[in-house]
Amino acid sequence: LDAASQKLSGVLNLTPDEAGLHLVADLAEELRARMTDRQVAKHAADAGITAPPLSDSYIGQADRQGLLLGYAAVPEATIREKVSELAAALNRR
């Protein structure tokens, strides 16, 4: 969460969760105005990061636009590295 707040502020909004294996990152308003979560997930994938779009979890019209960010069994240093790579990929768009 610290890395995300430093690198992804204004791009993705993460909500802390005390349990689980992933976090939901909602698209910030500015990013949502430029692309869908499916497009964001594609840019993440192009950067080597698997982050499924939240809208794929809905039947019909999605109520939210975001990404699922898994962190189970991922070392903290790798998380920080991938957060930086994700920020770079999304800020280029």
Could you tell me the separation between the OG1 atom of Thr36 and the CD atom of Gln39, rounded to the nearest 0.5 Å?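 One finds 4.0 Å between OG1 of Thr36 and CD of Gln39.
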Work out which heavy atom in Ala47 is nearest to a heavy atom in Ala89; give both atom names and the distance. CB-CB, 3.9 Å
Taking every non-hydrogen atom, the tightest pair across Ser55 and Ala62: CB-CB, 3.5 Å
Tell me if a side-chain donor or acceptor on Gln65 pairs with a main-chain N or O of Asp37 at a distance below 3.5 Å. yes
Tell me whether Leu21 shares a hydrophobic cluster with Leu67, the cluster being built from Ile, Leu, Val, Met, Phe, Trp, Tyr side chains joined at under 4.5 Å. no
Quick one: side chains of residues 2-17, donor-acceptor pairs under 3.5 Å with protein atoms, not counting sequence neighbours, listed by atom name and distance.
from  : atom 1 : to    : atom 2 : distance (Å)
Ser5  : OG     : Leu1  : O      : 3.4
Ser5  : OG     : Asp2  : O      : 2.9
Asp17 : OD1    : Ala19 : N      : 3.3

Tell me, with the steps shown, if Met35 and Lys42 meet side chain to side chain contact (heavy atoms under 4.5 Å, CB included). CA-CA 11 Å; Met35 63 184 84; Lys42 169 80 170 82; over 6 Å; no
Could you list who else is in Val24's hydrophobic cluster, with ILVMFWY side chains joined at under 4.5 Å, directly or through other members?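 When side chains under 4.5 Å apart are linked, the cluster holding Val24 also contains Leu54, Tyr58, Leu68.
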Residues two or more places apart in sequence or in another chain: which of them pass side chain to side chain contact (heavy atoms under 4.5 Å, CB included) with Glu85?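 Only Ile49, Glu81, Lys82 meet the side chain to side chain contact (heavy atoms under 4.5 Å, CB included) criterion with Glu85.
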